[in-house]
Number of protein chains: 2
Amino acid sequence: MTKYETVANSLADRINNHEFNETKKIPTEDQLMEEYNVSRNTVRNAIKILTKLGLLYPVQGSGMFIRESRKCDTVFLSGTRGITKDHPGNKLTNKCLSVEIVEADDNLAQIMLCEIGTPIYYIERLRIVDDIPYAIEYTYYNKNIIPYLDKEIIESSIFRYIKEDLKIPFGFSDKYISARKLTDQESQLLELEKNDPAIIIEDDIYLTNGTLFNSSQIVYNYKLAHFFMTVE
Amino acid sequence: MTKYETVANSLADRINNHEFNETKKIPTEDQLMEEYNVSRNTVRNAIKILTKLGLLYPVQGSGMFIRESRKCDTVFLSGTRGITKDHPGNKLTNKCLSVEIVEADDNLAQIMLCEIGTPIYYIERLRIVDDIPYAIEYTYYNKNIIPYLDKEIIESSIFRYIKEDLKIPFGFSDKYISARKLTDQESQLLELEKNDPAIIIEDDIYLTNGTLFNSSQIVYNYKLAHFFMTVE
DNA sequence: TAGTGGTCTAGACCACTTT
DNA sequence: AAGTGGTCTAGACCACTAG
């Protein structure tokens, strides 16, 4: 853990504990340099993290202000944290609908940015929050990077497995957001009506070296899924 | 314009002109310090901008790599640039459906984060791209901040008016993304069917001092509107 | 081992807000 | 005028990649 991450975590805790409720501001950069005994650059790196999380906003000449908390029950889009962390206190289950290994054809090779013939896992999951169907996920994994997956992993947390067991370094991700009608089959799985709306997020996740290892299309239950992000 | 913005703009141009097509990398930080005669911090600030725009990704120990360009015809979500810049080369028109000034009641005061009784503009617009209905926009503006709006401004570009004529300093914005069914009226305006899907973005825009001045709900034509963002 | 991005420090001046 | 965040410089060492 870097120094600026330590400072950011500490400040986040202090904000959540309402330590700055009176002023609605965190201490000045000079004060934080003093308190944590770090340089200004380190303080600013820490603050940048909290700003990106939507916890703070800067007013030049005045201070770093604590933001009113966002609407409840929204999933934070600007972070690849996994669905689990976005639903604290809820019961999360996954039902594996299908697992297969395919060789990338022309089309799939283009999606996965890989050579034709590359072995690819194709997985369909139904994600359930508190016993209510929440989303259907169609995912391709490059098997050269994720060599093994089974039903048990798929039904617990693929995200945790990749991050903690395989220790694969996530780099960045692209998200494409759109809406369409549910298919007949999807509506049954989500316990909605055929042709009901669905919000679709395609999530392409890259390693730190820029290799794509995961392309998901996630079909969300429009009655439950709401997303949040903060810009600038 | 700051130095790092100048460097970022120059690099963006050079990337778009395919100057680095062979290596797929921009010059190293040391080389950029030399080329632009600036400090490392300035170079890194410039690079951060381009990374946030999804133009580059870093590989520690190796370099800053140029990203494959994203899918076409997607609107970039992580920037408040206005719809105009997201549709270069397309004909954009706005049809003003309704303008009124209301006093914030309890409910509206909560949405606009203002005092009860504050005068608020309420505007409905139909946004049209190349003669096809693209989105319906329901917007509240705090009249204390935007004192005057008329049909002409509304049908050209409110965004440009606020930014260039009023010179109001945008700070940050929150976006809430969801989907729902179109109402009867909305489906007629968008030339779609009743109960067709719609992707909804609520966009709350704040001044640099943290004051909310604009809360929009935008109902997009699901056949046309696709959004893109990049994370981390 | 050399090259390159990531973290960290120390210090200066500028732009803006507040008093 | 004093306080606070924004920009900028110079220099050091660490972590990771690649030849």
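Below, chains carry the letters A, B, ... as their sequence lines are ordered, and counting in each starts from 1. Both backbone and side-chain heavy atoms feed into the values below; hydrogens, waters and symmetry mates do not.
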Report the distance from atom NZ of B/K3 to atom C1' of D/dT9, rounded to the nearest whole Å. 8 Å
Ionic contact status for A/E29 with A/R44, cut-off 4.0 Å: yes
Closest non-hydrogen atom pair, A/H226 against B/S178: ND1-CB, 3.2 Å
Position toward the 5' end of DNA chain C (nearest nucleotide), B/N209 or A/M1: A/M1
With a 4.0 Å cutoff (strictly under), does any side-chain N or O of B/Y4 reach OP1 or OP2 of D/dT7? yes
Mutual orientation of the aromatic rings belonging to B/Y57 and B/F65 [parallel < 30°, tilted 30-60°, perpendicular > 60°]: parallel
Using Watson-Crick and G-U wobble pairs with both distances under 3.5 Å, what is the 5'-to-3' dot-bracket string of DNA chain D, with [ ] for crossing pairs and | for pairs outside the strand? ||||||||||||||||||.
Determine, using ring centers only, whether A/Y220 and A/F227 are less than 6.0 Å apart. yes
Expressed in angstrom and rounded to an integer, what is the separation of B/L207 atom CG from C/dT17 atom C1'? 15 Å
Give the rounded distance in Å between these two atoms: CD1 of A/I49 and C1' of C/dT7. 12 Å
Using heavy atoms to find the nearest nucleotide of DNA chain D for B/E5 and A/Q60 separately, return the residue whose nucleotide is more 5′. A/Q60
In sequence, state the C-alpha distance, the side-chain angles, and the governing distance for A/D174 and B/K71, and then conclude on salt bridge (charged side-chain N to carboxylate O under 4.0 Å, His left out). CA-CA 10 Å; A/D174 288 343; B/K71 295 175 186 175; over 6 Å; no
Whole angstrom is fine here: how far is it from CD1 in A/I47 over to P in D/dT7? 13 Å
Step-by-step salt bridge (charged side-chain N to carboxylate O under 4.0 Å, His left out) determination, B/R14 to B/E35: CA-CA 13 Å; B/R14 293 170 71 184; B/E35 283 185 37; 2.8 Å; yes
Can you list, in residue-number order, the parts of residues 20-44 of chain B that come under 4.0 Å of DNA chain C, counting heavy atoms only? B/T28, B/E29, B/R40, B/R44
Can you confirm if the aromatic rings of A/F159 and A/F170 lie within a centre distance of less than 6.0 Å? yes
Reading DNA chain D from 5' onward, which residue's closest nucleotide shows up sooner: A/G61 or A/P58? A/G61
Test side-chain contact (heavy atoms from CB on, under 4.5 Å) applied to B/V43 and B/E34, B/M64, B/Q31, B/M33, the passing residue: B/M33
Using a strict threshold of under 4.0 Å (side-chain N to carboxylate O), is an ion pair present between B/D165 and B/R160? yes
Check the distance between D/dT17's C1' and B/M64's CE and give it to me in whole angstrom. 15 Å
